[in-house]
Novice: 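Quick one: the structure is below, questions incoming.
All values below were derived from every heavy atom in this structure, side-chain atoms included, with hydrogens, water molecules and symmetry-related copies excluded.
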Number of protein chains: 2
Amino acid sequence: MERWRALGLDTSPHADLIAQRLSHFAELSGREIALLESLAQHTDESAAGTELIREGQSLDSPRLMMAGWACRYRTLPDGRRQIFKFILPGDLFGFCLRPKAVALTATIALTPVVTADASPLATAITKDAASHPGLTQACYATVGLNEAYLLNQLVRVGRQTAYERTAHFILEIRERLSMVGLAGEASVAIPLTQEIMADALGLSVVHLNRTLQQLRRNQLIEFKGGMVRLLQPQRLAEIANFRAPHVTETARAAA
Amino acid sequence: MERWRALGLDTSPHADLIAQRLSHFAELSGREIALLESLAQHTDESAAGTELIREGQSLDSPRLMMAGWACRYRTLPDGRRQIFKFILPGDLFGFCLRPKAVALTATIALTPVVTADASPLATAITKDAASHPGLTQACYATVGLNEAYLLNQLVRVGRQTAYERTAHFILEIRERLSMVGLAGEASVAIPLTQEIMADALGLSVVHLNRTLQQLRRNQLIEFKGGMVRLLQPQRLAEIANFRAPHVTETARAAA
DNA sequence: CGGCCTTTTGAATGTCTTCAAAGTGCGTGG
DNA sequence: CCACGCACTTTGAAGACATTCAAAAGGCCG
């Protein structure tokens, strides 16, 4: 479980990840950026496997993922698990603008994580949206984008083959991480065991393993030790029917 | 396509469906209920197959489903289709509280439908929430519940067998319709072809057909001409791992 | 070096899909 | 009123896709 550090997935928090991400959706003022960076002052570290949010827990303390990966998931009584969403560096989680909301799923850390208290951000856009127009717009766009990712997930799992699914998943992670500068055009660090990926993709570990091998054999990706290299991103996108989601009328870039 | 009327799925709009549904989530004042019922004054009818919302369309005219069924879906280039959600009588759709949002999916009518303009409701809770506390709370709860249904859908499709999936689906529809008085304890009208259900459940029509037969053979359901009778609801819920979602701390009843 | 987690492999099995065709029910038009 | 057409459901058979079980190989840490 301690291979992550070696991957360049250092746990050193980068205070500007969220500013970088939100800038894709709205122009942020200097004060807004300062607010985002100030969140880094109150951080917590948690070990891999820590339950960050319990199912049913009241969503009153929104957090920002500063470093590491987490996921939202549900488990059936017999142990089958479905992962709904991965929470990446720069992502908000437990962040719900509705009052009195309750967590619909549990959230656990998949790697060691550093998280920050995001309630100043929540307060800014709920109590004083007028003076934070950029943050407000960007956070709303984020909510929309999250819904779009969930729908993508459903299409993958419901209607795509293992091969397409896996390709699509890698592309989506690459896209999301590149929004915070953590992925290049053609390579991503994905610090997940194949078991975890399988639980997200609705596949068995064994079959996911074989599917990855097939993608490798077809010269589409390299995948060693958590580093994925996309050898033919364009081809991969065709196979996966991958397309960048459009969330608002004016989003500056939804990709 | 004109079998629906025979099913008791008459297209006569019932102005109180949404009031009935929202009452499950908050106490509504007389004025709030009046507002809801006044929505029925501006209705439109659309034939089955009509595209009610185009993907990418600006979400500026929220609507209320008064009668009939619709769905949100996406199609892959080769024709495979995934249905994300069914829109039932009493449901809001195209209803997004974020400004400048855009439809992430298309919405089409599956039966003849009657819809009403819901913008007075949207205005009430965005411009003047303070005087509509019940509506506001209930609509927020609705948004949460919709997310919960989407997550259920993902679990079904990602981790459940065809048999479990189908059982779970029927129970969920029964639950949702019973909130608007359109389903009894042990029976529901589901005006969908098996092809449509299959597209929601991520199955082929043929396999769904066989799965339904298996549920019948096992004395769990009867299913003739769109009417589903649950012979052993309790047993069915066990098979499907069905449980009613909990959306807010104080929801009066999420089932 | 030894232990544990993760990845990989093989083989058998099961689930689900596909293709093709027959059966059924309902509305329309003759 | 019956016959026909069309959409939907049902059936059979073959094959593809994915899972399961079991075990071996690889990598990392103490």
Novice: Could you tell me how far apart Leu201(B) (CG) and dT17(C) (P) are, to the nearest whole angstrom?
Specialist: 11 Å
Novice: It should be established whether Arg80(A) places a side-chain nitrogen or oxygen under 4.0 Å from OP1 or OP2 of nucleotide dT19(D).
Specialist: no
Novice: For a quick check of understanding: with a heavy-atom distance under 4.0 Å over all strands, which category does Arg216(A) fall into, base, sugar-phosphate or nothing?
Specialist: sugar-phosphate
Novice: Does dT9(D) have OP1 or OP2 sitting under 4.0 Å from an N or O in the side chain of Asn209(B)?
Specialist: no
Novice: Nearest whole Å is fine: how far is dT19(D) P from Asp78(A) CG?
Specialist: 14 Å
Novice: Between the side chains of Arg243(B) and Glu55(A), is the shortest nitrogen-to-carboxylate-oxygen separation below 4.0 Å, so that they form an ion pair?
Specialist: yes
Novice: Ignoring the backbone of Val206(A), work out which of dT20(D), dT19(D), dG12(D) is nearest its side chain.
Specialist: dT20(D)
Novice: Nearest whole Å is fine: how far is dG12(D) P from His207(B) NE2?
Specialist: 16 Å
Novice: May I have the distance from Ile190(B) (atom CD1) to dT9(D) (atom P), rounded to whole angstrom?
Specialist: 12 Å
Novice: Residues in ring pair (Phe, Tyr, Trp, His ring centres under 6.0 Å) with Phe93(A), at least two apart?
Specialist: none
Novice: Is the distance from OP1 or OP2 of dT7(C) to the nearest side-chain N or O of Gln213(A) less than 4.0 Å?
Specialist: no
Novice: Respond yes when some side-chain nitrogen or oxygen of Gln194(B) is under 4.0 Å from OP1 or OP2 of dA7(D), and no when none is.
Specialist: no
Novice: Could you tell me whether Phe169(A) and Phe86(A) have their ring centroids closer than 6.0 angstrom?
Specialist: yes
Novice: If I take atom CG in residue Leu212(A) and atom P in nucleotide dT7(C), what distance separates them, rounded to the nearest angstrom?
Specialist: 9 Å
Novice: Round to the nearest Å and state the distance from Leu203(B) atom CG to dT15(C) atom C1'.
Specialist: 11 Å
Novice: Could you check how far CD of Gln160(B) sits from P of dC16(C), rounded to whole Å?
Specialist: 12 Å
Novice: Could you tell me the separation between the CG atom of Leu231(A) and the CD atom of Gln219(A), rounded to the nearest 0.5 Å?
Specialist: 7.0 Å
Novice: Take atom CZ of Arg210(A) and atom P of dA16(D), then tell me their distance rounded to the nearest Å.
Specialist: 17 Å
Novice: Can you tell me which residue among Arg21(A), Arg63(A), Arg72(A) is in a salt bridge (Lys or Arg N to Asp or Glu O under 4.0 Å) with Asp91(A)?
Specialist: Arg21(A)
Novice: Can you tell which of dT6(C), dC16(C), dT19(D) lies closest to the side chain of Ser204(A)?
Specialist: dT19(D)
